[in-house]
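Labels below follow one simple rule: chain letters A, B, ... track the order of the sequence lines, proteins then strands, and each chain is numbered from 1.
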Amino acid sequence: MTSVPDKFLKPYNPKETEGKIYKKWENSGYFNPDNLPKRHKKPFTIIMPPPNANGSLHVGHAVFVTIEDLLIRYKRMRGYKALWLPGADHAGFETQVVYEKKLEKEGRTRFGMDTQKLYQEILEFTLSNKSFMENQLRQLGASCDWSREKFTLDKDIIETVYETFKQMDKDSLIYRSPKSINWCTKHQTSLSELETISEEKVDPLYYMKYGPFVLATVRPETKFGDTAVAVNPKDKRYKNWIGKEIEFEGLLGPIKLKVIADDYVDPQFGTGVVKITPAHDPNDFEVAKRHNLRAIEVIDQYGKLNEKCGKYAGLKVEEARKIIAKDLMEKGFIEKVEENYKHTVKKCYKCERVLEPRILPQWFIKMKPLAEKAIKSIKKGEIKFYPKHYKKIMLHWLNNIEDWNVSRQIIWGIPIPAWYKDKEIFIGEKSPGADWKKDNDTFDTWFSSGQWPFATLGYPKGSDFKKFYPTQVMETAGEIIFFWVARMIMLGIYRTGKIPFNTVYLHGIVTAKDGKKMSKSKGNVISPLELSAKYGTDALRMALTIGNTPGTTTALYEEKINAYKNFANKLWNVTRFVLSNTSESAKKPKLSKDDKKLLDNLEKTLKIVTRDMENYRFYMAGEKLYHYLWHTFADKIIEESKEILNGDNKNLKNSRSWLLREMFSLQIRALHPFMPFVTEEIWQSLQKKNTLLMIENWPILRNNV
RNA sequence: GCGCCCUUAGCUCAGUUGGUAGAGCAAUUCAUUUACACUGAAAAGGCCGGGGGUUCGAGUCCCUCAGGGCGCACCA
């Protein structure tokens, strides 16, 4: 019999274990694949989705840590050269928004602030969050290689990003031109299509008299920027007007507009006549391009009518609309109003203000050529998706891709390496001469994180790149499949000629028990760090694994976590029983018939569990192990063992004693990726060799699966 | 408008290629100095959203309807 350490006489206390065990792992050096024993040959790599370094880890982060750590630990035990490369994201716009809120609270604002000073402040804020978050990742048990940690603002990462931009310039994949872009009047920056949300809105639709025409519009306040009226070329009603000029009295005096014909106009809608306002409507902008119309800007960057609007100058769009509609009405310029007209507007995904279309020169990436290659790879099955249906979703998006605006008018980010002199453009970090003006914008943060897999591995020269690229699994939130996963695939193929990863595993959102999304305003946010402190990290991880199928939302609530806290304690008590009733002996006795059967049975279970692991069904693997340990091993096998161990038959006793320890040890090993802390702690008492469970063999007894 | 997902026990969810429905939590009854009350045993609980089809056989495949969630694109 082994003497039972005192700690097993008390309930399991995660607090006494976790910090100590994590240090032991970290000091062992085995998080770094280069330090793993010789049997670890074939690389298995996961690049961690770098958390935004602008706050604490939330449950979403806890999910990715749980799943990725589970995978990495499993593969490490199976003898892979397992690399999990951690990182942190400066998260351009996101962080700037967070910081602006902080400034607001302090009664300050970023506007008018010295940009250097603001940048320094945000940098300090980000770096302190970053180190804070690193410790939180440790608390969650992340067995990632800290020696390879990367930050999106590291010098080498920025170099890679610039290299990509220059390469794209050579390949004519980028252009800078004025286009109608999504402008947020609060955040004072343009946004990509993905950073907008479309929402249905009910507004009045005004039928306004425009000389001989009546036309329908929701935005009478933009009329000062009209540069034409358009009809459909096939519309017989207006055929004779095409090409002519109309003249009529407006609110600010006489107006002259050309009548143009364009297929864009739907004869069925309204009256079949449309006013064309190129500066403030993306569709009108396209029409204007086709017809060489000029654009007159009448709304400024703050969403206010400008000096071209006479007495209406200075009014905000919403107010202006009401006042102008009223004035038009009084002058008899409005024929009728359709009050409850439903249409969709685009809003800023952060502040949910209606976006104002504006014409600005921005850097765009031509996405079609990049998407084509990605589509080809995905169709060939070079990238597998879990769950499967995301493949379809991905292809659908790639097939309808638009050019990507990567310019942001914010200071927090990687500066765009471009210089201007008159109409000339130079791309490079350093000024080409005295009269050149620097581009003031920064890159969309996803432009840099889209290059993350090869950038972190030191492409093109780094030895890690050769060893670990393409990586094996990209595990992240389904929410960011287009923002991030799609762009990594496209940019990865573009830069390296190879897909960045073979498998995409997408987890769903974690919600509260009622299925509602957690949000600060609802007050239903639960912190993974608090839960881990209260119930133990292992319990939290089990709660996030079991019942969590890829791609679907999963509810997290304390009762569930508590159930797995009880399970950790069950393991603890089984240890107590096993230690006090068996001993660690080298030689295996001849097993009794019953015992052989029991071992076979466990072996079968472990094989099924292994198959589940290989097929990314962690929720099933975890549940099976849980169930086997508790309701077969503890409730049945241990119970019946008591009689055998207290009986007189020495052979049966020896057989059973060996069996219990063997079976338990196998289960502890299989449970390790799920519950790393408690299993490692138990392992330390279960064997005398002072080895780490972390690098033990995954328990497959005979045939490899 | 196009597309995706979901609907299974009171609650939260599983159910891999079609083979007589599962778990956790909750609720019920019983046990009690037991490795473990952060426990054990037993029982209870479901026309698997409705309808139709394929099949010897459907929670699972196909069609359709209803409800919920989400994505993409939109015409002033």
Side-chain angles (χ1 to χ4, degrees), chain A residues 4 8-12 193-194 197-198 200 205-208 215-220 222 226 229-230 232 264-277 281-284 287 341 343-344 346 387 389-397 399-402 478-479 481-482 508-509 511-517 535-536 539 542-543 546-549 551-581 608 611-612 614-617 619-620 622-624 626-627 630-631 634-636 638-639 641-642 660:
Chain A
V4 182
F8 291 108
L9 302 177
K10 303 179 294 187
Y12 173 59
E193 291 305 313
L194 285 177
I197 45 173
S198 295
E200 196 167 83
L205 182 66
Y206 302 97
Y207 284 75
M208 306 197 302
L215 55 79
T217 182
V218 230
R219 301 199 65 183
T222 62
D226 294 350
V229 291
N232 190 289
Y264 154 75
V265 182
D266 176 2
Q268 308 297 317
F269 186 91
T271 59
V273 186
V274 187
K275 69 190 200 65
I276 299 297
T277 322
D281 183 290
N283 291 308
D284 291 5
V287 173
Y341 173 66
H343 65 138
T344 4
K346 275 188 185 171
H389 70 261
Y390 271 103
K391 179 175 169 176
K392 223 172 174 179
I393 294 173
M394 175 68 94
L395 286 172
H396 180 256
W397 188 77
N399 278 316
N400 295 295
I401 202 157
E402 302 272 342
E479 280 178 293
I481 180 169
F482 306 138
I509 305 168
T511 63
K513 193 174 181 179
D514 57 8
K516 296 234 169 72
K517 205 170 166 174
Y535 297 96
M542 277 297 261
I546 295 178
N548 182 5
T549 46
T552 56
T553 61
T554 186
L556 183 70
Y557 43 94
E558 299 209 18
E559 297 96 300
K560 188 174 175 188
I561 306 168
N562 192 53
Y564 296 110
K565 180 186 164 225
N566 294 349
F567 182 58
N569 194 51
K570 192 75 185 178
L571 289 176
W572 203 244
N573 280 301
V574 171
T575 309
R576 178 168 160 190
F577 182 86
V578 169
L579 288 181
S580 54
N581 288 287
I608 295 169
R611 209 185 307 142
D612 286 337
E614 290 295 325
N615 290 298
Y616 299 88
R617 294 190 294 257
Y619 53 102
M620 286 184 96
E623 191 172 333
K624 278 170 192 155
Y626 170 93
H627 207 248
W630 199 316
H631 299 299
D635 291 348
K636 301 211 169 74
I638 286 185
E639 284 309 316
S641 297
K642 289 175 186 168
L660 285 176

Mapping A:T549 and A:P267 onto RNA chain B by nearest heavy atom, which one lands closer to the 5' end?
A:T549
In terms of side-chain heavy atoms of A:F482, which of B:rA76, B:rC38, B:rC72 is nearest?
B:rC72
Among B:rA14, B:rA76, B:rC38, which nucleotide sits nearest the side chain of A:V218?
B:rA76
Provide the distance between the two P atoms, one in B:rG49 and one in B:rC11, to the nearest whole Å.
14 Å
Encode nucleotides 16-24 of chain B as B, S and - characters from 5' to 3', where the letter depends on protein heavy atoms closer than 4.0 Å: B to the base, S only to sugar-phosphate, - to neither.
B------SB
Could you state the CD1-P distance from A:I561 to B:rC13, rounded to the nearest angstrom?
14 Å
Does A:Y564 form a side-chain contact (heavy atoms from CB on, under 4.5 Å) with A:Y535? I'd like the steps, not just the answer.
CA-CA 8 Å; A:Y564 296 110; A:Y535 297 96; over 6 Å; no
Provide, to the nearest angstrom, the distance between the CD atom belonging to A:E193 and the P atom belonging to B:rC72.
10 Å
Using the P atom in both, what is the distance from B:rC72 to B:rG10, to the nearest Å?
36 Å
Just how far, in rounded Å, is P of B:rC36 from CG of A:N569?
11 Å
Write down the distance between CG (A:L660) and C1' (B:rA35), rounded to a whole number of angstrom.
11 Å
Using the side-chain heavy atoms of A:Y619, tell me which of these nucleotides is nearest: B:rG71, B:rA76, B:rA14.
B:rA14
Check for a donor-acceptor pair, side chain of A:K565 on one end and backbone N or O of A:A539 on the other, with a separation under 3.5 Å.
no
Please tell me which of the listed nucleotides, B:rA14, B:rC13, B:rA76, lies nearest to the side chain of A:A555?
B:rC13
If we take the C1' atom in both B:rU17 and B:rG69, what is their distance in whole Å?
29 Å
Nearest-angstrom distance from the residue atom CZ of A:F577 to P of B:rC36:
10 Å
Base of B:rC36 paired with side chain of A:K570 (donor-acceptor, under 3.5 Å)
yes
Base, sugar-phosphate or nothing for A:V265? Non-hydrogen atoms, less than 4.0 Å.
base
Taken to the nearest whole Å, CG/A:N562 to P/B:rC25 is 9 Å
Just so I know, are the side chains of A:V229 and A:L215 near enough to count as touching, which here means a heavy-atom distance under 4.5 Å?
yes
Closest approach of A:A216 to A:T271 (non-hydrogen atoms, all atoms of both residues):
N-OG1, 4.3 Å
For nucleotides B:rU64 and B:rU28, find the distance between their P atoms and express it as a whole number of Å.
46 Å
Would you mind reading off the distance between A:K346 atom NZ and B:rA76 atom P, rounded to a whole angstrom?
12 Å
Expressed in whole Å, how much space separates the C1' atoms belonging to B:rC63 and B:rG24?
36 Å
A:D635 side chain, from C-beta outward: closest of B:rC36, B:rC4, B:rA41
B:rA41
Ignoring the backbone of A:W630, work out which of B:rG40, B:rA35, B:rC38 is nearest its side chain.
B:rG40
Whole-Å C1' distance, B:rU54 and B:rC62:
7 Å
Indicate yes or no for a side-chain donor-acceptor contact from A:N232 to the backbone of A:D266 under 3.5 Å, with no hydrogens or angles considered.
no
If the condition is side-chain contact (heavy atoms from CB on, under 4.5 Å), which residues does A:T552 pass it with, not counting sequence neighbours?
A:T549
Given B:rU39, is OP1 or OP2 found less than 4.0 Å from the side-chain N or O atoms of A:N566?
yes
Is A:N400 reaching over with its side chain to a backbone N or O of A:H396, donor-acceptor style, under 3.5 angstrom?
yes
Do A:F567 and A:I546 have side-chain heavy atoms sitting under 4.5 Å apart?
no
Scan A:Y206 against the nucleic acid and name what it touches under 4.0 Å (heavy atoms): base, sugar-phosphate only, or nothing.
nothing
Is any side-chain nitrogen or oxygen of A:T552 closer than 4.0 Å to OP1 or OP2 of B:rA14?
yes
Minimal non-hydrogen separation, A:M542 against A:Y626, with atom names
CE-CB, 4.3 Å
Ranking A:Q268 and A:Y12 by the position along RNA chain B of their nearest nucleotide, the one closer to 5' is A:Y12
Would you mind telling me which of B:rU34, B:rC38, B:rA76 lies closest to the side-chain atoms of A:K642?
B:rU34
Between B:rG19 and B:rG51, how far apart are the C1' atoms? Round to whole Å, please.
25 Å
Using the P atoms only, state how far B:rU16 lies from B:rU7, rounded to an integer number of Å.
12 Å
Output the rounded distance in Å from CD (A:E200) to P (B:rC70).
14 Å
